[in-house]
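This report refers to the structure that appears directly beneath it.
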Amino acid sequence: MRVILAASLFVGAVSAALLYQVVNAVGAVPCEAVFARLRIVENENPPRNANDAIRIRGLEQQGAEECRDHEDSQADDLFLQALQVIVK
């Protein structure tokens with residue numbers, strides 16, 4: 001998954017520093033911190049269309065639920081999926 005996200009740097013408008021922060025936070029910090037970094041990336045790179053916005057929100061909501069249930073790895077996976085939609 002990290003290779004796909006890194007490759008997205010060349011296509012999306014996401015800054016390398018922000019993408020690096022989110023991807024490297026996965027597994028290293030609590031899922032709440034990953035979610036906070038994801039929101040920063042999203043604020044700087046709004047969804048390109050309504051379908052992307054809906055998909056991102058759904059993944060974020062699922063990730064937040066997993067995070068509340070203390071399933072950090074599952075939450076992180078959902079947050080990374082949302083990040084992929086943002087950088088595509």
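The structure presented is a predicted model; accordingly, all values stated were derived computationally and were not measured. Just so you know, residue 1 is the first one in the sequence shown, and it goes up from there.
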Which salt bridge (Lys or Arg N to Asp or Glu O under 4.0 Å) pairs, counting each pair once, include a residue from residues 55-71, with sequence neighbours left out?
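Matches after skipping sequence neighbours: Arg39-Glu60, Glu42-Arg57, Arg57-Glu60.
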
Applying side chain to side chain contact (heavy atoms under 4.5 Å, CB included), name anything that partners Asn43, two or more places apart in sequence or on another chain.
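Here no residue qualifies.
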
By side chain to side chain contact (heavy atoms under 4.5 Å, CB included), which residues pair with Gln61, not counting sequence neighbours?
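Residues passing side chain to side chain contact (heavy atoms under 4.5 Å, CB included) with Gln61: none at all.
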
Contact summary for Asp72 and Cys67, nearest pair of heavy atoms
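Closest pair (atom of Asp72, atom of Cys67, distance): OD1-O, 4.5 Å.
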
I need the minimum non-hydrogen distance between Gly63 and Leu78, along with the two atoms involved.
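Closest approach of Gly63 to Leu78: N-CD1, 3.5 Å.
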
Measure the spacing between CZ of Phe79 and CD of Gln74 and express it to the nearest 0.5 Å.
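That separation rounds to 11.5 Å.
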
Which distance, rounded to the nearest 0.5 Å, do you find between the CG of Asp76 and the CG of Leu83?
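Interatomic distance, Asp76 CG to Leu83 CG, rounded to 0.5 Å: 11.5 Å.
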
Any side-chain heavy atom of Ile56 sitting closer than 4.5 Å to one from Ile86?
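Side chain of Ile56 against side chain of Ile86, heavy atoms only: contact under 4.5 Å found.
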
